[in-house]
*Asks:* 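Have a look at this one before I ask anything.
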Amino acid sequence: MNLTAVMAEVAQAVAAVEGPVQVYVGAPPKVDPPARGAAAVVPYPLSVEYDGTYGRGMDTISQEVFLLLPRPTDPDVVVRLTSYAAGVGVNSIKEKIEAHTWQTCDGVRVVRADFEPVDYAGVPYMGGRWELEIWGPGGT
Amino acid sequence: MAFKHGKDTEITVDSDDLTDFSNTSQFDEESDEHDVTTYGRDDYVVQGGLKKGAFTMGGVYDDGVAGPAAVLRPLVGTVVTVVRKPLGTGTGKPTQTFSALVKKYTETNPVAGMITWQCDFTKSGPMVPTTQS
């Protein structure tokens, strides 16, 4: 799998979320989320595990997606964040990623999500972190 | 002399290469044991007899036409040729060729993991070891 292409396609899948989401790939120096939405960051993968099968048949990638919601103390942040964290729905990160037809890998599973206030480039946000498991051919 | 890793193993069943879908395999050879102990002995005396063997392989399920389900499930109950290269392909590396009954094919579907498969074979006749040129 081409890690750059996989990261880009994860960003494409996340962009299908309807709640306005501005998607970034890699390590942007700052983010500019929509006022009533979130910034989504697809960072570099956590890890690549090689040799899931003989002959370089399969590798797996551990990948995160971060959502940064501005004005973390606003009362409606809870509603917006939980809509992104829902298992189904127009804003569901899990549903959008797992419904995507993947080209750069064989499949993606959204394993878990957790949440905490974070600072990014000195700006406070309410953050969500989604952990993805990605599998695909290892020899290409 | 050097320790060898299993990741380079290659396996072909009935001329279909299942290497990319496999992540485990085991080849067993054993002999019948005949007790030839006679009076006056303090210990059992045994002699070997007919040899037999078993082969198992397994890995990650693939839904393609060349995948393990498409290849192996139709072969259950038939005797096929298995070619196993425990160290992969290369000059001087070993190849093991044997006929085997495809005895059992199993698929396992965990809720939080990859679908896996396993196939059990019974060796039929001898395993012929060769060295790749």
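What's counted below: heavy atoms across the whole structure, side chains too, no hydrogens, waters or symmetry copies. Naming convention: chains lettered A, B, ... in sequence-line order (proteins, then strands); numbering from 1 in each chain.
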*Asks:* Applying a strict under-4.5 Å side-chain criterion to I, L, V, M, F, W and Y, I'd like to know whether A:Val31 and A:Val65 cluster together.
*Replies:* no
*Asks:* Highest number of heavy-atom pairs under 4.5 Å with chain A: which of B:Gly88, B:Gly59, B:Ala112?
*Replies:* B:Ala112
*Asks:* Can you check whether A:Thr53 reaches B:Phe21 side chain to side chain, under 4.5 Å on heavy atoms?
*Replies:* no
*Asks:* A:Leu81 and A:Val41: same hydrophobic cluster, using ILVMFWY side-chain contacts below 4.5 Å?
*Replies:* no
*Asks:* Answer yes if B:Phe121 and B:Phe27 sit in the same cluster of Ile, Leu, Val, Met, Phe, Trp and Tyr residues linked by side chain heavy atoms under 4.5 Å apart, and no otherwise.
*Replies:* yes
*Asks:* If you count heavy atoms of other groups shown closer than 6.0 angstrom to CD of B:Glu107, is the number above 12?
*Replies:* yes
*Asks:* Measure distances from B:Leu18 to the heavy atoms of chain A and classify the residue's part below 4.5 Å as side chain, backbone, both or neither.
*Replies:* neither
*Asks:* To the closest 0.5 Å, what do you measure between NE2 (B:His5) and CG (A:Asp51)?
*Replies:* 7.0 Å
*Asks:* Counting heavy-atom pairs under 4.5 Å to chain A, which of B:Asp17, B:Thr24, B:Asp62 comes out on top?
*Replies:* B:Thr24
*Asks:* Test of understanding: clusters of I, L, V, M, F, W, Y form through side-chain heavy atoms closer than 4.5 Å, transitively. Do A:Ile97 and A:Val6 belong to the same one?
*Replies:* yes
*Asks:* How long is the straight-line distance from OH of A:Tyr54 back to CG of B:Asn23, given to the nearest 0.5 Å?
*Replies:* 7.0 Å
